[in-house]
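Quick note: residue numbers are just sequence positions, from 1. Every number for a ligand or one of its atoms is a count from 1 in the order of the listing.
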Amino acid sequence: MRSHYCGEVNESLVDQEVTLCGWVHRRRDHGGVIFLDLRDRDGVAQVVYDPDTNEVFQLAEQIRDEFVVKVTGRVRLRPDGKANADMSTGKVEVLGKQLEILSTAKTPPFQLDEFVQVGEDVRLRYRYMDLRRPEMLNKLRFRSKVTSYIRNFLDSNGFMDVETPILTRATPEGARDYLVPSRTHEGSFFALPQSPQLFKQLLMMSGVDRYYQIAKCFRDEDLRADRQPEFTQVDIETSFLSEDEIMSITERLVRDMFRDLLEVELPEFPRMPFAEAMNRYGSDKPDLRIPLELVDVGDLLTNVSFNVFSGPANDPKSRVAALRLPKGGELLSRKQIDDYTKFVGIYGAKGLPYIKVNEKAKGLEGLQSPIVKHIADVIDQLLERVGAEDGDIIFFGTDKTRVVNEALGALRVKLGHDLNLLEKQWAPLWVVDFPMFEEDGEGGWTAIHHPFTAPSCAVEMLESDPENALSRAYDMVLNGTELGGGSVRIHDSDMQETVLRILGIGQEEAQEKFGFLLDALKFGCPPHGGLAFGLDRLVMLMTGAQSIREVIAFPKTQSAMCMMTQAPGKVDPRQLRELNIRLRKTEQPE
Ligand code: ASP
């Protein structure tokens, strides 16, 4: 129908006739002349109708915003002084000769101009309108560039794109499964994959050697933070490569892509052991753009009479750490300190002790703090340990290690953003040497990655000291966001059975759930390993979007529903009967 996209209309077409199709972005009447800003996915072109073309002019008068029209006219330069330097088409306009209304439109639920702030619920309900906004379409377009870049890179490095099932058995990645009842097998359920993990490992056993898939994954999680119940992974698996080789090839993918799509030269990714990341940053995905660090001070405080410090200082499962904010004593008001105290409360911290260093040379006199009198004996050592200078504020975390790390880790990031402390735009790294397991709070263990991750020790050591066993896992982190994670896998059935046993999965259960994997491991399994990138997060970071919902065409809300289709929805009783499902009556409050 069209001869050009709106965005293509420029001086090179002057005096030519063009036919454009698109949405009327705006209609303006100017003293007997009608201007239509016509929009399609490539841009906006200005079309002018003057009353000389009477019939067409009358039609143009009926046009409203978001009508879909076909326009034919001649391109001409805009009159002197009327050019718009902000538009690629701003030097020209189309003098309309013909006009066809292809579709009318009701008044839009919101203005599409980018500067109009609209509630997200409304945007999601009318997502097809929201996506018409050029900034949203541009994100989709960029996402498409990213996926095609990744495909090209992996294709040219010998990776094979293989699809794996969506209707399958549980693949444990630490979330709840989405279940799908089977009609043909009464009482049985499929699970939607939390990841293609086991299938990609089986593909290595099949000899595929290098696999990738841009795969939908499903996790029924409490949607804290910025998660989606279904999301996309760039899923990768390789045979006969060491972790160094896997990290190197996937790092190259990301660095090449940043260079080619964003013109950003990322530095070589440093590697940091998990323990160091937790110690210095309180996080296994440290944001290295922020120059603040946690410092352990527990050893100085074991003998002070102040139990808030000495208690955790003497407990091996606790930690006392300090976070020094240079010049923070001068920068932060009392109110801000109170707000930060509330903030760390979210992470379970019972308070946020602090010392303001007004004038170090004056000793205790020069310090301002509700706690300093309790720790007077060790204060000099403490100030020296954290490198305190006049004007600083030192915050403390003193609690179970997990609470301290989460609270001070989050505070570190918040201070970094609130006070504009970011030292660079991009800070990538690999976090390595993760522990295999963490306590599940009920006396057992859970896998830090997934149960198929290989330990870096032998079976005997793993069994005798699971707490201290490290894994051959690695996470790629960018600006405090985990971009991807993976590991070398277990390729030996004894080791796999041992790990499942440590996780409290008995032989019978193991056979029932993962029998196919345990069998396959006995039929000749290559050493293998891989990684998966979170595509949504990657695109979010690359486009500077604030949320993954901004880079997903049809995302779900924080409560895991689709505002537009109203999914999940009720189903017909007949469908339930076919599935042998009877719903329990929800109790009505009296
Ligand atoms: N399956 C893992 C995940 O979804 C990634 C991997 O180990 O390759 O996080």
Could you tell me which non-hydrogen atom of Val499 sits nearest to which non-hydrogen atom of Pro451, and how far apart they are? CG1-O, 3.4 Å
Contacts of Glu550 that satisfy salt bridge (charged side-chain N to carboxylate O under 4.0 Å, His left out) - sequence neighbours left out: Arg123, Lys139
Exactly one of Arg324, Arg412, Arg280 should register a salt bridge (Lys or Arg N to Asp or Glu O under 4.0 Å) with Glu293. Which one does? Arg280
More than 12 heavy atoms of other residues, nucleotides or ligands under 6.0 Å from CZ of Arg151: yes or no? yes
With sequence neighbours excluded, residues passing ring-ring contact (aromatic ring centres under 6.0 Å, His included) with Phe218: none
Ring pair (Phe, Tyr, Trp, His ring centres under 6.0 Å) pairs touching residues 490-548, sequence neighbours excluded, are Phe452-Phe514
I'd like a table of the close N/O pairs between ligand 1 and the protein (anything under 3.5 Å), one pair per line with both atom names and the distance.
residue  : atom  : partner : partner atom : Å
ligand 1 : 1 (N) : Glu173  : OE2          : 2.6
ligand 1 : 1 (N) : Ser195  : OG           : 3.3
ligand 1 : 1 (N) : Gln197  : OE1          : 2.6
ligand 1 : 4 (O) : Glu173  : OE2          : 3.3
ligand 1 : 4 (O) : Arg219  : NH2          : 2.9
ligand 1 : 4 (O) : Gln233  : NE2          : 2.9
ligand 1 : 7 (O) : Gln197  : OE1          : 3.3
ligand 1 : 7 (O) : His450  : NE2          : 2.9
ligand 1 : 7 (O) : Arg489  : NH1          : 2.7
ligand 1 : 7 (O) : Arg489  : NH2          : 3.4
ligand 1 : 8 (O) : Lys200  : NZ           : 2.7
ligand 1 : 8 (O) : Arg489  : NH2          : 2.7

